[in-house]
Amino acid sequence: MSCPQKSKEREIAFEYWAGTLDAARAAGFARHMEQCGDCLRAVTEQRKVWEALGYWTAPVVSADFNARLYARIAAEETAPAWRKWLRRITPPVSPASFWKPAVSLAAACAVLTIGLTVHLPKPAQTSPRPQPVATQQAASQVDIEQVANALDELDLLAPAKI
Amino acid sequence: MRENPPQDLATQPQPSANGGVRKDMEAVAALERDAELMLRVREGDDTSFALLLERHRGPVVHFLYRMVQNQPVSEELAQEVFLRVYRSRATYEPTAKFTTWLFRIATHLALNWIRDGKKERRQESLDEDLLDGMDRQVADRQKTIEQEMVYEVKLREVRQAIQALPEKQRAAVLMHKYQDVEYSQIARTLGCSESAVKSLLFRAYESLRARLAHMA
């Protein structure tokens with residue numbers, strides 16, 4: 001058995017300690033652990049953690065816990081019918097449950113607004129501005145000259161005919 | 001705040017010791033009894049509700065206390081848990097274990113409370129709470145000052161290590177360690193698969209190992 005601590009099967013030590021491995025795998029791991037210090041340490045440390053957690057004991061429940069609960073139940077029982085109905089159809093609300101969706105909605109609106117502002121095509125870009133006739137003629141002359149020059153260069157580059 | 005005196009650590013059950021036919025039979029009987037009691041509550045028997053409250057008040061408050069690390073808040077949330085159970089009595093159907101339902105409500109409330117950020121607001125009172133509890137324990141158990149100081153340091157380390165865990169890992173560890181809840185029930189409570197629970201627990205105990213292994 002290859003060492004689980006050095007492979008992706010590191011959970012085996014935990015499962016062995018927790019007693020959730022099947023008998024065959026547990027026996028295999030126990031045999032491996034006799035030879036492997038890392039796995040033995042993992043299981044021992046896990047046991048120590050379990051013991052350490054035992055230091056934290058919970059407090060005694062307040063003596064008036066039941067009385068307070070029954071008072072709340074009584075208050076609910078005597079509440080007007082419309083309030084009971086309202087409670088049944090609406091989840092209990094806290095201040096946070098009001099402002100949290102509002103913040104999310106505001107953030108979504110802000111992102112949407114920014115997105116539309118940045119990406120909407122501007123009128124100036126869609127309709128090209130008419131240019132003066134002289135400029136257009138100059139531009140077409142430049143284009144013709146460039147094509148002629150390019151053709152000349154191609155002739156020069158072509159292999160000479162024998 | 002007063003905490004229970006620590007039990008003998010050696011006598012605390014380990015998960016591997018969870019088996020045992022007798023214990024299983026007792027557990028099954030208890031579960032059936034919970035469902036039976038709740039069905040009686042549905043029929044309007046308030047005595048059955050009192051019995052359910054008596055059986056589960058401690059575990060629910062303790063679970064919530066360790067989740068939120070504040071006693072008044074944990075009791076407030078536990079009251080809400082039982083209030084919701086009582087409100088839902090008319091529509092109760094024993095489709096799942098009663099305790100799964102109970103811990104599902106408790107976990108939901110605790111996670112909401114933590115996420116609402118109230119934790120930070122009450123953090124200051126947490127330390128005072130702890131020290132107050134320590135003072136009383138000194139008087140209660142007549143320990144030497146040195147023993148108490150060592151105990152206090154260890155307790156603080158455990159609380160901080162648990163608090164440092166991500167919420168779901170924390171809930172899984174607390175149910176596993178302190179409430180002795182099975183993987184399948186933790187899975188249903190947290191709304192995930194059993195393998196996800198194993199993974200959550202593994203990662204949680206790995207983190208705790210890094211922080212607490214030197215203690216015992």
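In what follows, chains carry the letters A, B, and so on, assigned in the order in which the sequence lines appear, proteins first and then strands, with residues in each chain numbered from 1.
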Measure A:Ala42 against the heavy atoms of chain B and call it side chain, backbone, both or neither at under 4.5 Å. both

Can you find a heavy atom in the side chain of B:Phe49 that is under 4.5 Å from one in the side chain of A:Tyr70? yes

Considering all heavy atoms, the nearest B:Lys177-A:Gly54 contact: CE-N, 4.0 Å

Plane angle bin for B:Tyr205 and A:Trp50 - parallel if under 30°, tilted between 30 and 60°, otherwise perpendicular: tilted

Under 4.0 Å between a Lys/Arg side-chain N and an Asp/Glu carboxylate O for B:Arg89 and A:Glu77? yes

Measure the spacing between CZ of A:Arg72 and CD of B:Gln79 and express it to the nearest 0.5 Å. 5.5 Å

If you measure from the Lys or Arg side-chain nitrogens to the Asp or Glu carboxylate oxygens, is any gap between A:Glu11 and B:Lys198 under 4.0 Å? no

According to the interplanar angle, ranging from 0 to 90°, do the rings of A:Phe14 and B:His176 count as parallel (below 30°), tilted (30 to 60°) or perpendicular (above 60°)? tilted

Verify, without hydrogens or angle tests, whether B:Arg87 (side chain) and A:Ile73 (backbone) share a donor-acceptor contact under 3.5 angstrom. no

Below 4.5 Å, heavy-atom pairs only: which of B:Asp46, B:Leu83, B:Val61 has the largest tally toward chain A? B:Leu83

How long is the straight-line distance from CD of A:Glu45 back to CD of B:Glu206, given to the nearest 0.5 Å? 9.0 Å

So B:Tyr151 and A:Tyr55, would you call those rings parallel, tilted or perpendicular, with 30° and 60° as cut-offs? tilted

For the atom pair CD (A:Gln46) and CG (B:Leu212), what is the distance rounded to the nearest 0.5 Å? 10.5 Å

Does the side chain of A:Trp56 reach to within under 4.5 Å of the side chain of B:Arg156, using non-hydrogen atoms? no

Do A:Asn66 and B:Arg57 pass the side chain to side chain contact (heavy atoms under 4.5 Å, CB included) test, and can you show the C-alpha distance, the side-chain angles, and the key distance before you say yes or no? CA-CA 9 Å; A:Asn66 286 12; B:Arg57 180 189 57 202; 2.9 Å; yes

So, for A:Leu53 and B:Tyr178, which heavy atoms are closest and what is the spacing to 0.1 Å? O-OH, 2.6 Å

Flag if over 12 foreign heavy atoms under 6.0 Å of CD, B:Glu146: no

Which heavy atom in A:Ala52 sits nearest to a heavy atom in B:Val158, and how many Å separate them? O-CG2, 3.3 Å

Closest contact, heavy atoms only, A:Val61 versus B:Gly58: CG2-CA, 4.3 Å

